[in-house]
Chemist: 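The structure that follows is given in the form of structure tokens.
Keep in mind the model is a prediction, meaning the values are calculated, not measured. Computation of the quantities below employed the complete heavy-atom set of this structure, encompassing side-chain atoms and omitting hydrogens, waters and symmetry-equivalent molecules.
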Amino acid sequence: MVMNTEVKELGHFINGKIVAGTSGHFSDVFNPSTGAVIAHVPLATKEEVQSAIMTAQAAFPAWRALSVGKRVEIVMKFRQLMTERIDELIAIICTESGKTVEDAKGEITRGLESVDLAINAPHLLKGEHSVNVGGNINAYSTKVPLGIVAAISPFNFPVMVPLAMTCMAVAVGNCVILKPSERVPCSALFFSELWKEAGLPDGVWTVINGDKDAVNELLENPAIKAISFVGSTPVAEHIYKTGSSYGKRVTALGGGKNNMIVMPDADLEQVANAFLGAAYGAASQRCMAISTIMPVGEDTANNLVKVLADKISKLKVGPYTDPAVDFGPVITKQSKDAIIGYIDRSLDEGATLVCDGRNPNIAEISKGFYLGPTLLDNVKPGMEIYEQEVFGPVRNVVRVDSLEEAIELINAHELGNGVTIFTNNGAAARKFTSEIDVGMVGVNVPIPIPVGYHNFAGWKRSRFGEGHMFGPEHVRFFTKTKTISEKWFEENSESVSTFAFPSNND
Ligand code: NAD
């Protein structure tokens with residue numbers, strides 16, 4: 001794959017076409033592998049967001065009225081176009097996020113699961129029906145769309161997360177406004193082209209580029225009925241609190257600090273191989289990445305650290321154009337500097353360096369935002385590096401004496417996205433799965449991210465609001481239930497007035 005050096009001026013996608021931004025404010029989009037600016041993305045004003053919302057409002061009645069079968073036909077066409085143009089999409093992901101080609105393919109595959117789930121909307125929208133609940137009355141419930149819904153996405157999955165947030169929303173009859181991360185806006189604009197070609201009516205799909213000003217208008221505008229957010233915990237909390245205070249349905253998924261417990265009976269070769277990808281894949285910029293490995297017992301820890309040190313020293317970091325690379329750069333220079341700061345401070349706090357990735361030797365393209373893999377041993381609760389999510393390739397070893405201690409530590413942490421255990425002991429696995437206070441749990445699985453037809457969401461401060469991302473719960477988030485009680489009179493049937501509260505004795 002070759003790198004594109006052209007700098008593009010991006011726009012928004014409103015009412016079926018790309019329109020230029022009018023604010024005069026732009027943000028630079030980088031190719032993290034080279035450090036070069038590849039695009040300027042406009043930052044929308046409040047007024048631009050309002051005008052986009054108006055076009056979505058105009059489109060909603062007809063979209064809602066279209067049969068679900070017809071809506072799903074458009075989603076199927078979108079899926080077909082996406083798979084036909086998959087190479088372009090891979091190139092976009094790699095260029096704007098720095099991911100390797102293999103990782104981009106994995107992201108697209110998981111994103112397609114959300115499209116597939118949306119194609120099942122006719123089945124998932126089926127309501128409940130009870131015959132003759134009293135006095136020849138039938139009762140039934142239907143799931144109806146909310147109206148205009150907004151999705152606000154993070155940089156680390158430019159394809160998978162926006163697809164997960166929007167496809168079901170569209171299929172069940174909503175109009176969607178996506179505000180992608182200003183650091184990776186190109187995939188969302190690419191999707192706009194595909195939706196248009198697939199036949200989606202203008203106004204049903206909108207992309208507004210911008211930063212917090214655009215988001216604040218989405219949070220406050222009464223026409224927006226629901227907010228689906230994925231990003232860091234502090235912003236997720238702000239989105240949840242503000243959106244809820246404006247009466248909106250909000251699900252805001254936040255960060256993760258995910259652990260892998262290693263029991264003394266586990267095969268350390270298997271554990272180490274599982275850990276490498278789960279911990280350092282995508283330069284650790286995944287909410288479900290393993291941050292901390294917790295070997296149980298001193299012997300397990302000593303042996304594991306030796307195996308890991310050897311394997312980590314062989315990992316290859318570099319640009320996506322090199323197929324031998326295990327992971328690429330982090331997203332920005334600021335992010336790289338912040339991660340180095342975390343490592344420096346952890347050493348002051350008593351952590352010890354097993355592998356130091358602060359100065360990777362990447363001769364080919366030195367201006368990219370690269371960090372090598374860092375492994376810190378003797379990390380302890382209370383240290384900044386243990387408590388905070390660090391979105392880069394710095395991983396911790398926390399030594400524990402027992403499974404009970406590991407469970408206690410994990411349960412006491414404020415984040416609860418994912419967790420896993422490696423063991424051959426069924427009783428230990430059972431104790432772990434029942435007692436652990438985390439939303440997504442694995443047993444001998446490195447990244448326990450559920451498949452698209454199961455519900456995805458963390459617990460504690462990894463999620464604000466009760467909704468889920470994909471899975472059956474996702475349909476409920478984007479619809480409201482209407483319950484209808486219905487009776488038809490036979491000709492000349494008698495009618496009486498009753499003042500008692502209606503009951504099923506009638
Ligand atoms: P971020 O919170 O900085 O940004 C996410 C979105 O919020 C972007 O669209 C951004 O423009 C917007 N935003 C940023 N600051 C804002 C503010 N003050 N007010 C309103 N909007 C604001 O997150 P990021 O750095 O793009 O993404 C990485 C984070 O996302 C990590 O913490 C990661 O764990 C998390 N994440 C979580 C999941 C999950 O499923 N739980 C999935 C992917 C990423």
Chemist: Measure across I449 and M288 and return the closest heavy-atom pair with its distance rounded to 0.1 Å.
Modeler: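 That closest heavy-atom pairing would be N-CE, 3.8 Å.
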Chemist: Does T22 have any side-chain contact (heavy atoms from CB on, under 4.5 Å) partners at least two apart in sequence or in another chain, and if so, which?
Modeler: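 Only E48 meet the side-chain contact (heavy atoms from CB on, under 4.5 Å) criterion with T22.
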Chemist: In chain order, what residues pass the salt bridge (charged side-chain N to carboxylate O under 4.0 Å, His left out) check against D213, with sequence neighbours excluded?
Modeler: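 Residues passing salt bridge (charged side-chain N to carboxylate O under 4.0 Å, His left out) with D213: none at all.
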Chemist: Using the test ring-ring contact (aromatic ring centres under 6.0 Å, His included), find all partners of H413 that sit at least two apart in sequence or belong to another chain.
Modeler: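 With sequence neighbours excluded, H413 shows a ring-ring contact (aromatic ring centres under 6.0 Å, His included) to Y386, given in chain and number order.
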Chemist: Show every ring-ring contact (aromatic ring centres under 6.0 Å, His included) that has at least one partner inside residues 145-185, sequence neighbours left out.
Modeler: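 Every pair satisfying ring-ring contact (aromatic ring centres under 6.0 Å, His included) with a residue in residues 145-185: F155-F391.
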Chemist: For L315, does its backbone N or O pair with a side-chain atom of D326 as donor and acceptor, under 3.5 Å?
Modeler: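 Side chain of D326 to backbone of L315, a donor-acceptor pair under 3.5 Å: no, none is there.
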Chemist: Of all residues at least two apart in sequence or in a different chain, which pass the side-chain contact (heavy atoms from CB on, under 4.5 Å) check with K77?
Modeler: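 Applying side-chain contact (heavy atoms from CB on, under 4.5 Å) to K77 gives Q80, L81, A198.
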Chemist: Provide the full list of side-chain hydrogen bond (donor to acceptor under 3.5 Å, both in side chains) pairs with a residue in residues 183-203, sequence neighbours left out, each pair given once.
Modeler: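 Qualifying pairs: R85-E193, E96-S187, S192-W205, K196-D202.
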Chemist: Could you grab the distance from atom OG of S284 to atom CZ of R395, nearest 0.5 Å is fine?
Modeler: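 Rounded to the nearest 0.5 Å, the OG-CZ separation comes to 4.0 Å.
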Chemist: Please enumerate all residues that pass side-chain contact (heavy atoms from CB on, under 4.5 Å) together with V451, with sequence neighbours excluded.
Modeler: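 With neighbours one apart ignored, the set is R110, E113, Y453, H454.
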Chemist: For residues 33-67, pull every pair meeting ring-ring contact (aromatic ring centres under 6.0 Å, His included), keeping only residues two or more places apart or in separate chains.
Modeler: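 Those involving residues 33-67 do not exist here.
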Chemist: Check ring-ring contact (aromatic ring centres under 6.0 Å, His included) between F477 and all other residues, then give those that pass, not counting sequence neighbours.
Modeler: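 With sequence neighbours excluded, F477 shows a ring-ring contact (aromatic ring centres under 6.0 Å, His included) to no residue whatsoever.
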Chemist: Which residue pairs pass the salt bridge (charged side-chain N to carboxylate O under 4.0 Å, His left out) test with at least one member in residues 159-182, sequence neighbours excluded?
Modeler: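 Of all non-adjacent pairs touching residues 159-182, those that pass salt bridge (charged side-chain N to carboxylate O under 4.0 Å, His left out) are K179-E182.
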Chemist: Please list every donor-acceptor pair under 3.5 Å in which a side-chain atom of residues 229-236 meets a protein atom from a residue at least two apart or in another chain.
Modeler:
unit_1	atom_1	unit_2	atom_2	d
T233	OG1	G255	N	2.9
T233	OG1	R461	O	3.0

Chemist: I'd like to check the side-chain contact (heavy atoms from CB on, under 4.5 Å) partners of V144; sequence neighbours left out, ordered by chain and number.
Modeler: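 Checked V144 against side-chain contact (heavy atoms from CB on, under 4.5 Å); matches are T142, K480.
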